[in-house]
Protein chains: 2
Amino acid sequence: MNITIRQIADKAGVSRGTVDRVLNGRPGVKPAIRERILLIANELNYVPNVAAKALAHSKKPVLIGIVMPPKEIGFFDDVRLGINDAAAELKGFGIRVEYRYVDINRSEESVEAIRMFIEEKASGIMYCAMDDEEIRESIDYVVEQGVPVITFNSDVENCKRICFVGQDLYKSGRIAAGLMNLILPMNAKVAVITSTLKFHAQRSRLKGFKDGLEKLGKQIEIVEVIEGYERFEDTQVKLQAAFANHPDIQGIYMATGSIEACIDIIKKNSREERIRIVCNDLQPEVEEGIRQGLIDFTIMQNPYQQGYRPLRLLYDFIFMHKQPEQEYYFTETQISISESL
Amino acid sequence: MNITIRQIADKAGVSRGTVDRVLNGRPGVKPAIRERILLIANELNYVPNVAAKALAHSKKPVLIGIVMPPKEIGFFDDVRLGINDAAAELKGFGIRVEYRYVDINRSEESVEAIRMFIEEKASGIMYCAMDDEEIRESIDYVVEQGVPVITFNSDVENCKRICFVGQDLYKSGRIAAGLMNLILPMNAKVAVITSTLKFHAQRSRLKGFKDGLEKLGKQIEIVEVIEGYERFEDTQVKLQAAFANHPDIQGIYMATGSIEACIDIIKKNSREERIRIVCNDLQPEVEEGIRQGLIDFTIMQNPYQQGYRPLRLLYDFIFMHKQPEQEYYFTETQISISESL
DNA sequence: TTGAAAGCGCTAACAG
DNA sequence: CTGTTAGCGCTTTCAA
């Protein structure tokens, strides 16, 4: 049998109520006793009984707040699926989740959302927001209130979040390089399309791609890095220009951005047969491109897990007082081809 | 608030004990009352409270028996990891697991193991065994006793197991074909190495590979299908012969078997540069081969999940009376290249 | 065949 | 500041 608070109480010569207070950091216990109890708990290697906690909480479930982009953004469908699955599993467990959808480009909205959750006495936050000062402050404030925050999908650096769950962007770039290396001939020329290099995240991917190509022996050369701002037109125009400058481009790495524009230009230039494409994620356009044989590979990083994990981690943190073991939880990289779909 | 057995009891005008008996299929309730309770439970849409169940069970946890190959078989390390993780999660939940390792080629051992679990009053079984008559009978017998069996990693067909969790072998063959198609030129010739075509499982993979190649436009031809029986020597000799017959082989699909033998022959024939290899799983030899650039791709099917899922499914079945939603749970296919490692 | 009641380990409200 | 106690929903004796 496992250790219970009762045993700790007996050993310490206090009541279970007191032990409960100490173990859950509630106020109103003389420091000396607190010490003593903590010591005993530690020495007995106490692990709280999940089921009992859950049951006791079932009347008034603990709230976990989720701040993320709205339903319209397709990528997040799978993330939401992961969250919902975790939430369903944890439902009988005294936790409930609440979503708040925000325009991720307007940080005020995120800040407002997280603030409201605190007012509602949320016990934990899943936060997907921009990496800027305003957001950083909002996180630090919340965490200082004793409410854990986990960033997911897109990280916020140098802040007090307890951990991050999402992609390893550098690695995805390296894998893209590895794939190009396998399908392109020696000395091939490639273009990279990204949204904008202003963001650290995008630069990581590009860096991974560059480093990857360098390590390999095929001397594949990056002749253009296009910033498409995820917009159709920008991408189209710039890619067309790239083709004009380098008629011998044989591969395109679509790190992020408008797949439609890319495919459009390729078709306009009748290059379907001669261009190999590697991209990321699996929006409908990508799926379509793969089906048609225009896209060779896509690299995904398990959006489902990006939703599922953080909630479980928060649960462990809140109920089991278990600190995350890592600061970065990178979701598994997956490579897909048409047969994988 | 959710429905509780108390509410059902009140509505039916009986005690909670009686409701409990009915809901858990225990004997000793008059059929008429049983009916009535079932009806009410259904109409109220009763869902048992996990936490309460777990807590009530915590004194005398329910046993789940696991029959699988011994620790020496490397592939199963990750499977065991998955089982252990699930077991840890479910530990506070009134379940405990017990392993029994058997030589999978000697069915008597498996049968004996499962029989013992039944004697020990196990409430569920995870079973990884050969697909033969003896095994089939043992499963059907157990299930008829009311104890659910889930086959994992390797299925047993036409039996009463509640579901199977493992690879989609056909799909992995198709993906191998897709990869070959991406890295080989038109009309390339390839060899396939498998253990033995006596087994349905191996034939599925081969069929997937063949079908995959046919669907694609590159006219890649399978010039040899080698049965290596997973033995170094057989593989070596037969592959050498294949090279003699077809000096222009450009690709090898190692469906299963001795990677060492394959690499050995390639090196002996100095074909490192000219042969592309796609294989399955990630034994140390494969990892080594990928690192050295001898193997281009390996296809894995999430062994971790093959352990994790079945246990969760059994738990849901036993505690929540939830039938698995599918008969086949195929674990995700993963494609790995050197940068993924 | 059924009911009553004592737990399972933890929390929270109230009393002291 | 600390102890007491009544639940949380389900299972499992023990009686009836």
Side-chain angles (χ1 to χ4, degrees), chain A residues 1-37 41 44-62 91-96 121 123 315 318-321, chain B residues 1-37 41 44-62 91-96 121 123 315 318-321:
Chain A
M1 206 53 241
N2 277 325
I3 303 299
T4 69
I5 52 167
R6 156 156 249 141
Q7 295 175 53
I8 298 179
D10 288 351
K11 192 150 183 184
V14 299
S15 76
R16 312 189 259 127
T18 305
V19 175
D20 182 60
R21 269 162 224 142
V22 173
L23 260 24
N24 292 293
R26 275 187 276 279
V29 179
K30 225 191 301 184
I33 302 210
R34 163 156 276 146
E35 284 294 295
R36 220 169 112 56
I37 293 179
L44 258 40
N45 222 314
Y46 171 74
V47 178
N49 179 313
V50 231
K53 281 196 115 131
L55 188 54
H57 274 293
S58 58
K59 267 286 167 221
K60 188 154 67 66
V62 147
K91 184 163 180 297
F93 272 56
I95 85 137
R96 80 192 162 87
K121 302 257 166 291
S123 304
Y315 170 79
I318 296 168
F319 270 30
M320 305 303 281
H321 306 293
Chain B
M1 207 51 243
N2 278 325
I3 303 299
T4 69
I5 53 168
R6 156 155 249 141
Q7 296 175 51
I8 298 179
D10 288 353
K11 193 150 182 183
V14 298
S15 75
R16 313 190 256 130
T18 305
V19 176
D20 181 63
R21 270 163 222 141
V22 173
L23 261 23
N24 293 293
R26 273 187 278 278
V29 179
K30 228 190 300 184
I33 303 211
R34 162 156 279 145
E35 284 294 295
R36 220 169 113 57
I37 292 178
L44 258 41
N45 222 315
Y46 170 74
V47 178
N49 178 312
V50 230
K53 279 196 117 124
L55 188 55
H57 273 293
S58 56
K59 267 287 170 217
K60 186 152 69 65
V62 147
K91 184 161 181 297
F93 275 53
I95 86 136
R96 79 192 162 86
K121 303 254 166 292
S123 304
Y315 171 78
I318 297 169
F319 269 31
M320 306 302 283
H321 305 292

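Residue numbering restarts at 1 for every chain, and letters A, B, ... go by the order of the sequence lines.
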Between C/dG7 atom C1' and B/Lys60 atom NZ, what is the distance in whole Å?
14 Å
Does the side chain to side chain contact (heavy atoms under 4.5 Å, CB included) test come out yes or no for B/Val14 and B/Arg36, once each step is laid out?
CA-CA 10 Å; B/Val14 298; B/Arg36 220 169 113 57; 6.0 Å; no
Closest listed nucleotide, where the reference is the side chain of A/Ile33 and the choices are C/dT11, C/dG9, D/dT2
D/dT2
Any side-chain N or O of A/Tyr46 below 4.0 angstrom from OP1/OP2 of C/dG9?
no
Under 4.0 Å from OP1 or OP2 of D/dT2: is there any side-chain N or O of A/Thr18 that close?
no
Rounded interatomic separation in angstrom, taking CD1 from A/Ile5 and P from D/dT2:
16 Å
Which of the following nucleotides, C/dT11, C/dA13, D/dG9, is nearest to the side chain of A/Lys59?
D/dG9
What's the verdict on side chain to side chain contact (heavy atoms under 4.5 Å, CB included) for A/His321 and A/Asn24, showing C-alpha distance, side-chain angles and the deciding distance?
CA-CA 9 Å; A/His321 306 293; A/Asn24 292 293; 3.2 Å; yes
Should B/Arg26 be listed as having a side-chain N or O under 4.0 Å from OP1 or OP2 of D/dT12?
yes
If you compare every side-chain N and O of A/Asn49 against the phosphate oxygens of C/dC8 (OP1, OP2), does one of them come in below 4.0 Å?
no
Does OP1 or OP2 of C/dA12 have a side-chain N or O of A/Arg16 closer than 4.0 Å?
no
Residue pair B/Ala52/B/Gly17 against DNA chain C: nearer the 5' end by closest nucleotide is B/Gly17
Could you tell me, to 10°, how much the axis swings from one end of the helix from C/dT1-D/dA16 to C/dG16-D/dC1 to the other, five pairs per end?
50°
Side chain of A/His57: nearest nucleotide among D/dT12, C/dT11, D/dC10?
C/dT11
Can you name the nearest heavy-atom pair linking B/Gly92 to A/Ala51, along with the distance?
O-CB, 3.7 Å
Would you kindly give the CG-to-P distance between B/Leu55 and C/dC10, to the nearest whole Å?
9 Å
Calculate the interatomic distance between A/Arg6 atom CZ and C/dG7 atom C1'; express it in whole Å.
11 Å
Using the closest heavy atom to pick a nucleotide of DNA chain D for each, name whichever of A/Ala56 or A/Ser15 lands nearer the 5' end.
A/Ser15
When rounded to whole Å, the CG to P distance for the pair A/Asp10 and D/dG3 reads 11 Å
Using whole Å, report how far CZ of B/Arg34 lies from C1' of C/dT1.
11 Å
Over 12 non-hydrogen atoms of neighbours within 6.0 angstrom of CZ in A/Arg6
no
Drop me the distance from B/Ile37's CD1 to B/Leu23's CG, to the nearest 0.5 angstrom.
8.0 Å
Run the side chain to side chain contact (heavy atoms under 4.5 Å, CB included) check on A/Ile3 and A/Ile8 step by step: do they pass?
CA-CA 8 Å; A/Ile3 303 299; A/Ile8 298 179; 4.1 Å; yes
Specify the separation, in whole Å, of atom CZ of B/Arg21 and atom P of C/dT2.
8 Å
Which listed nucleotide (D/dG3, C/dC8, C/dC10) is nearest to the side chain of B/Ser58?
C/dC8
Main-chain N/O of B/Phe319 paired with B/Lys53 side-chain donor or acceptor, under 3.5 Å
yes
Rounding to an integer number of Å, can you tell me how far A/Leu23 CG sits from C/dT11 P?
8 Å
Start with the C-alpha distance between A/Tyr315 and A/Val62, add both sets of side-chain angles, then the distance that settles side chain to side chain contact (heavy atoms under 4.5 Å, CB included), and finish with yes or no.
CA-CA 10 Å; A/Tyr315 170 79; A/Val62 147; over 6 Å; no
